[in-house]
Protein chains: 2
Amino acid sequence: MPLYSEERKNRILSDIEQHGRASVQDLVETFGVSESTIRRDLNEMEKEKLLKRTHGGAVSNDSVNFEPTMIERVDRFYQEKQKIARKAASYINNGDTILVDAGTTTLPLVEAIKILKELTVVTNSVVHAEALKNSPHIEVVVLGGRLRHETQALVGPITDQALDHLHVDKAFLGTNGIDLSGGLTTPNIIEASTKRKMIDQATEIYVLADNSKFGKVAFAKFGEISDLTGCITDGEVDLSFVEAFHQKNILLDIVSQQEEGR
Amino acid sequence: MPLYSEERKNRILSDIEQHGRASVQDLVETFGVSESTIRRDLNEMEKEKLLKRTHGGAVSNDSVNFEPTMIERVDRFYQEKQKIARKAASYINNGDTILVDAGTTTLPLVEAIKILKELTVVTNSVVHAEALKNSPHIEVVVLGGRLRHETQALVGPITDQALDHLHVDKAFLGTNGIDLSGGLTTPNIIEASTKRKMIDQATEIYVLADNSKFGKVAFAKFGEISDLTGCITDGEVDLSFVEAFHQKNILLDIVSQQEEGR
DNA sequence: CTGATTATGATTGATTATGATTATAATAGA
DNA sequence: TCTATTATAATCATAATCAATCATAATCAG
């Protein structure tokens with residue numbers, strides 16, 4: 001179902017306010033409309049002083065957006081994560097029940113799935129839940145648990161226990177390390193336990209990992225590569241991984257790294 | 001059975017508020033009337049500021065500027081709630097494990113307790129958890145559950161089940177109605193169930209209720225006044241309540257209305 | 001009853017949203 | 001710098017949607 005221009009503009013605006021900027025190309029992909037439409041939207045909103053137009057996109061006009069360095073830091077790999085997230089979103093269908101792990105890599109995913117309907121999203125992240133709080137057509141289920149201040153993730157026995165009683169079609173996890181022998185790893189042992197549980201409770205398991213995670217092994221292991229249904233990443237992936245994934249019949253989806261702006 | 005136009009308009013409005021949007025075509029099919037009629041309805045309701053018209057349909061006026069309305073709602077009795085919250089905070093000691101119910105009345109409470117140390121805060125609100133995310137000396141536990149978009153509260157079986165395994169020293173609840181015979185009530189039956197569970201799992205139970213809640217009875221009951229340890233409120237409370245609370249030996253803490261300037 | 005009012009549906013020319021195209025402008029790379 | 005690439009505004013075509021209008025039927029007042 002197509003969005004009305006009002007809705008689209010609202011989402012563009014919140015996207016820009018959240019991330020400081022947006023490119024025409026990304027918005028085209030996000031909303032599935034033409035460049036003309038996006039440009040018209042941006043120009044109209046600029047007239048209303050809601051944002052500032054730039055070549056290739058627009059930036060936030062809001063004085064609320066302090067500290068350009070902060071935006072920069074958050075946005076460091078924003079483009080890559082955005083692309084990975086959009087690709088991951090393409091695996092999701094209307095009516096699915098999905099599980100979205102906490103983490104900065106999966107956060108753009110919940111942004112990307114806002115346009116879907118009749119979706120049930122289970123998450124162990126307060127931030128992800130907040131991002132979906134104004135999407136009335138998406139059923140949001142938050143796993144309980146102890147809030148880890150470091151990662152804003154909910155972890156621990158309450159989380160694992162909540163997962164016990166749930167089963168989802170697809171799980172989308174982040175990881176700190178993905179290695180052929182070391183498997184899937186993360187620095188925190190309690191988060192690893194929760195991630196493991198997520199794998200157990202999902203039919204299909206996808207990992208979102210930018211290419212810097214490949215070949216890395218962190219402290220706590222939460223799964224093997226063979227546990228996966230697929231992995232979505234970007235950039236150059238070592239041939240050994242490509243072969244190993246192919247041999248195990250695991251999907252390896254690599255989004256192109258064509259850079260833009262800045 | 002033909003609908004009267006008023007009835008149709010009401011249903012269109014609730015449809016839009018529920019789903020955030022509606023298309024002329026869908027409404028035509030839903031109500032079996034012509035496009036002209038639907039457009040007239042929508043235009044009239046737009047004049048009354050009940051919704052926002054778009055090409056092809058209409059979107060909710062609330063969801064478009066959800067943020068301001070939410071802030072507005074929070075701010076409505078902000079001064080009063082602030083005072084009630086500060087008073088409630090005085091019942092909390094370092095080292096306590098407390099439960100804070102979702103709601104606009106209890107939100108200032110978590111702001112007020114940030115200064116305390118060694119506190120464990122259990123909450124069923126994503127918003128409350130977010131407010132505490134940068135307080136590393138406070139252990140935050142989020143109850144899981146389905147996110148109710150209307151109140152941003154987590155409710156349902158997952159929430160209740162998470163509560164099963166917890167016990168807290170003090171619970172701080174909001175309520176929509178507090179009445180001598182009607183007890184404690186709230187409009188939503190699922191939220192009532194969660195509130196009931198909270199009462200069961202706490203040693204001391206406090207209700208935060210501004211004076212407009214007294215004598216009100218909402219749809220779903222979650223407890224009796226005799227369940228309470230105390231009630232913190234403001235303004236003028238009817239003498240019958242004062243006597244009843246005194247007789248049941250329940251604390252009734254009334255913060256004065258013109259305390260501190262502004 | 002009659003005439004007025006109201007709600008509705010049908011018709012139609014006008015308006016809007018959108019995508020495609022193209023010549024121009026801005027940017028990046030050599 | 002100059003050139004290639006990319007983004008842009010301006011234009012046009014088209015399909016969807018709309019407002020305005022009129023006709024009809026139901027309802028209401030007297």
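Each chain gets a letter, A, B and so on, in the order the sequences are listed, and its residues count up from 1.
- Partners of Phe222(B) under the ring pair (Phe, Tyr, Trp, His ring centres under 6.0 Å) rule, at least two apart in sequence or in another chain, do not exist in this structure.
- Rounding to whole angstrom units, CD of residue Gln25(A) and C1' of dT5(D) are separated by 13 Å.
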Per-nucleotide protein contact string for nucleotides 16-23 of chain C, where B marks a base within reach and S marks sugar-phosphate only (heavy atoms under 4.0 Å, - for neither): SSBBB---
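- With sequence neighbours excluded, the residues that form a salt bridge (charged side-chain N to carboxylate O under 4.0 Å, His left out) with Glu35(A) are Arg39(A).
- Considering only residues two or more places apart in sequence or on other chains, Asp179(A) meets the salt bridge (charged side-chain N to carboxylate O under 4.0 Å, His left out) condition with none of them.
- Under the rule for a salt bridge (charged side-chain N to carboxylate O under 4.0 Å, His left out), the partners of Glu111(B) that lie at least two apart in sequence or sit in another chain are Lys114(B).
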N/O donor-acceptor pairs under 3.5 Å from side chains in residues 238-251 of chain A, not counting sequence neighbours:
from	atom 1	to	atom 2	distance (Å)
Asp238(A)	OD1	Ser240(A)	N	3.0
Asp238(A)	OD1	Ser240(A)	OG	2.8

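- As judged by a 4.0 angstrom heavy-atom cut-off over every strand, Thr54(B) is placed among residues touching the sugar-phosphate backbone only.
- Atoms CD (Glu46(B)) and C1' (dA19(D)) sit 13 Å apart, rounded to a whole Å.
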